[in-house]
S.K.: 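One structure, as C-alpha cells, below. Some questions next.
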Amino acid sequence: MKKIAVYPGSFDPITYGHLDIIRRTLTIFDEVIVAVARNSQKSSLFTTEERVALIQQVLHEEKRVTVDTFTGLLIDYVSSRKAHVIIRGLRAISDFEYEFQIAQMNSSIGQDIETLFMMTSVQYGYLSSSIVKEVCSLNGNIDVFVPPEVKAALRLKYGLD
Ligand code: COA
C-alpha cells in the first residue's frame with residue numbers, strides 16, 4: 001500500500017521553506033498531496049487558483065507530488081484522499097502552541113489520522129509567506145526565499161515589473 005501524506009497550508013505563496021518540507025517528506029512517503037486551503041481565515045494576496053498554479057510550476061518535475069485544494073475540515077479532506085498522515089512544519093517555539101492545539105483537535109475528531117511534525121531547516125526558521133510579501137512589496141531582494149516563478153508572480157502583483 002502506498003504511503004500518502006497530506007501537506008496542508010495557505011501557501012500564499014509557496015516558499016523555499018515549504019519546498020524543503022515537501023522534499024524531506026518525499027524521503028519518507030511515496031506521495032505527497034499539497035493541499036491548498038480554499039477558505040482560510042487569512043486574507044490572501046493570490047487567489048487559490050494562482051497559488052495552485054505556482055506550486056505546480058515549481059514542482060512540475062516531481063511526479064510524486066500532486067496539488068489540490070480543500071474546503072471544510074482538514075481531516076475530512078485527508079480521509080477523502082485515503083491518507084492517514086498530515087505533515088506540518090515547525091519553525092519555532094511560537095509555532096508549537098498553535099500546531100499542538102490543531103493536532104490535538106484533529107486527532108480527537110479524526111482518530112485514525114496522525115499529524116507528523118518536521119522541524120523546518122535552520123535557514124528557513126524565520127521565513128513566512130507574509131514576510132516575503134512584505135520584503136517584495138518594498139522592492140527588496142527575495143531570491144533566497146522563493147523560486148524565480150514565485151518571485152516573478154509577486155513582483156507582478158506589486159506592479160514592480
Ligand atoms: N518554512 C517557512 N515558512 C513556513 C513553513 C516552513 N516550513 N511552514 C509554514 N510556514 C509559514 C507559512 O508561510 C505561513 O506564513 P504566513 O502566516 O505569513 O502566511 C505560516 O507559516 C503558517 O502557514 P501554513 O502552514 O500555511 O498554515 P496556515 O495557518 O496558513 O493554514 C491550515 C493552516 C489551512 C492547514 C488550517 O487552518 C486548516 O487545517 N484549516 C482547515 C479547517 C480545519 O480543519 N480547521 C480545524 C483545525 S482544528
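When a ligand or atom number is given, it counts from 1 through the structure's own listing order.
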S.K.: Counting each atom of ligand 1 from 1 as listed, which ones have a heavy atom of Ala37 under 4.0 Å away?
M.R.: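 It comes down to these atoms of ligand 1: 34 (C).
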
S.K.: Which residue owns the protein heavy atom closest to atom 18 (O) of ligand 1, what's the atom, and how far is it?
M.R.: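 Here the nearest protein heavy atom works out to Ser130 OG, 2.3 Å.
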
S.K.: In terms of residue, atom name and distance, what is the protein heavy atom nearest to atom 26 (O) of ligand 1?
M.R.: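 It is Ser10 N, 2.8 Å.
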
S.K.: Where does Ile131 meet ligand 1, judged by heavy-atom distances below 4.0 Å: at the side chain, the backbone, both, or neither?
M.R.: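 It is neither; nothing of Ile131 touches ligand 1.
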
S.K.: What protein heavy atom is closest to atom 15 (O) of ligand 1, reported as residue, atom name and distance in Å?
M.R.: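 Protein heavy atom with the smallest distance to atom 15 (O) of ligand 1: Ser129 N, 3.4 Å.
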
S.K.: Compare Gly72, Pro8, Ser121 and give the one whose heavy atom is closest to atom 41 (C) of ligand 1.
M.R.: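 Shortest heavy-atom distance from atom 41 (C) of ligand 1: Gly72.
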
S.K.: With respect to atom 19 (O) of ligand 1, which of His18, Lys42, Lys133, Met118 exhibits the smallest heavy-atom separation?
M.R.: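 The residue whose heavy atom sits nearest atom 19 (O) of ligand 1 is Lys42.
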
S.K.: Can you measure from CD1 (Ile87) to CZ (Phe29) and round to the nearest 0.5 angstrom?
M.R.: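 Answer for the CD1-CZ pair, Ile87 versus Phe29, is 4.5 Å.
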
S.K.: Measure the CD-CD1 distance between Gln104 and Ile109 for me, rounded to the nearest 0.5 Å.
M.R.: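 Those atoms lie 12.0 Å apart.
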
S.K.: Starting from atom 27 (O) of ligand 1, what is the nearest protein heavy atom, named by residue and atom, and what distance separates them?
M.R.: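 The answer is Arg88 NH2, 3.1 Å.
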
S.K.: Is ligand 1 less than 4.0 angstrom away from at least one heavy atom of Tyr77?
M.R.: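 No heavy atom of Tyr77 comes that close to ligand 1.
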
S.K.: If you look at every heavy atom in Tyr7 and Gly89, which pair is closest and at what distance?
M.R.: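 Heavy-atom minimum between the residues: CE1-N, 4.4 Å.
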
S.K.: Answer with yes or no whether Thr120 contacts ligand 1, where contact means a heavy atom under 4.0 Å from a ligand atom.
M.R.: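 Checking ligand 1 against Thr120, which is what was asked, there is a heavy-atom contact under 4.0 Å.
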
S.K.: Looking at Val58 and Arg23, what are the two nearest heavy atoms and their distance?
M.R.: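 Nearest pair, atom of Val58 first, then Arg23: O-NH2, 4.4 Å.
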
S.K.: So if I apply the side chain to side chain contact (heavy atoms under 4.5 Å, CB included) rule between Met118 and each of Asp20, Ile22, Ile28, Leu90, which one comes out positive?
M.R.: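 Single side chain to side chain contact (heavy atoms under 4.5 Å, CB included) partner of Met118 among Asp20, Ile22, Ile28, Leu90: Ile28.
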
S.K.: Parallel, tilted or perpendicular: which fits the ring planes of Phe100 and Phe96, with parallel below 30° and perpendicular above 60°?
M.R.: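 Because their plane-to-plane angle is under 30°, the rings of Phe100 and Phe96 count as parallel.
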
S.K.: At less than 4.0 angstrom from any non-hydrogen atom of Ile21, what atoms of ligand 1 do you find?
M.R.: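 Contacts of ligand 1 toward Ile21, numbered from 1: 7 (N).
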
S.K.: Crowded around Gln123 CD? As in, over 12 foreign heavy atoms under 6.0 Å?
M.R.: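 Atom CD in Gln123 is packed in, count exceeds 12.
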
S.K.: State the atoms of ligand 1, each with its element, that fall below the 4.0 Å cut-off from a heavy-atom position in Leu73.
M.R.: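 Those qualifying, in numeric order: 43 (C), 44 (O), 46 (C).
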
S.K.: Are Thr71 and Arg38 linked by a side-chain donor-acceptor pair shorter than 3.5 Å?
M.R.: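 No pair is found: no donor N or O on one side chain lies under 3.5 Å from an acceptor on the other.
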
S.K.: Of the protein's non-hydrogen atoms, which lies at the shortest distance from atom 1 (N) of ligand 1, and what is that distance?
M.R.: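 The closest heavy atom on the protein side is Gly17 CA, 3.2 Å.
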
S.K.: Between Tyr98 and Arg88, what is the shortest heavy-atom contact and its length?
M.R.: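 Looking at all heavy atoms of both residues, the shortest contact is CE2-NH2, 4.4 Å.
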
S.K.: Quick one: does atom 32 (C) of ligand 1 have a protein heavy atom under 4.0 Å from it?
M.R.: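 False for atom 32 (C) of ligand 1.
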
S.K.: Please confirm whether the backbone N or O of Pro13 pairs with a side-chain atom of Ser129, one donor and one acceptor, at under 3.5 Å?
M.R.: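 Such a contact is found between Ser129 side chain and Pro13 backbone.
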
S.K.: Using the test side-chain contact (heavy atoms from CB on, under 4.5 Å), find all partners of Ser130 that sit at least two apart in sequence or belong to another chain.
M.R.: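 So Ser130 forms a side-chain contact (heavy atoms from CB on, under 4.5 Å) with Ser128.
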
S.K.: May I ask which of Ile14, Asp76, Leu127 has a heavy atom nearer to atom 3 (N) of ligand 1 than the others do?
M.R.: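 Comparing heavy atoms across Ile14, Asp76, Leu127, the nearest one to atom 3 (N) of ligand 1 lies in Leu127.
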
S.K.: Of Arg24, Arg91, Met119, which has the heavy atom at the shortest distance from atom 20 (C) of ligand 1?
M.R.: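 Looking at heavy atoms only, the winner is Arg91.
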
S.K.: For residues 138-147, which side-chain N or O atoms pair as donor and acceptor with protein atoms under 3.5 Å away, sequence neighbours left out?
M.R.:
unit_1: Asn139; atom_1: OD1; unit_2: Arg155; atom_2: NH1; d: 3.0
unit_1: Asn139; atom_1: OD1; unit_2: Arg155; atom_2: NH2; d: 3.3
unit_1: Asn141; atom_1: OD1; unit_2: Asp143; atom_2: N; d: 2.9
unit_1: Asp143; atom_1: OD1; unit_2: Lys151; atom_2: NZ; d: 2.8

S.K.: Around atom 48 (S) of ligand 1, find the nearest protein heavy atom and jot down its residue, atom name and distance.
M.R.: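 In this structure, atom 48 (S) of ligand 1 has Met105 CG, 3.3 Å as its nearest protein heavy atom.
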
S.K.: Among Asp95, Asp20, Leu74, which one has a heavy atom closest to atom 43 (C) of ligand 1?
M.R.: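 Residue with the shortest heavy-atom distance to the ligand atom: Leu74.
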
S.K.: Starting from atom 37 (O) of ligand 1, find the nearest protein heavy-atom neighbour and note its residue, name and distance.
M.R.: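 For atom 37 (O) of ligand 1, the nearest protein heavy atom is Tyr98 OH, 3.9 Å.
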
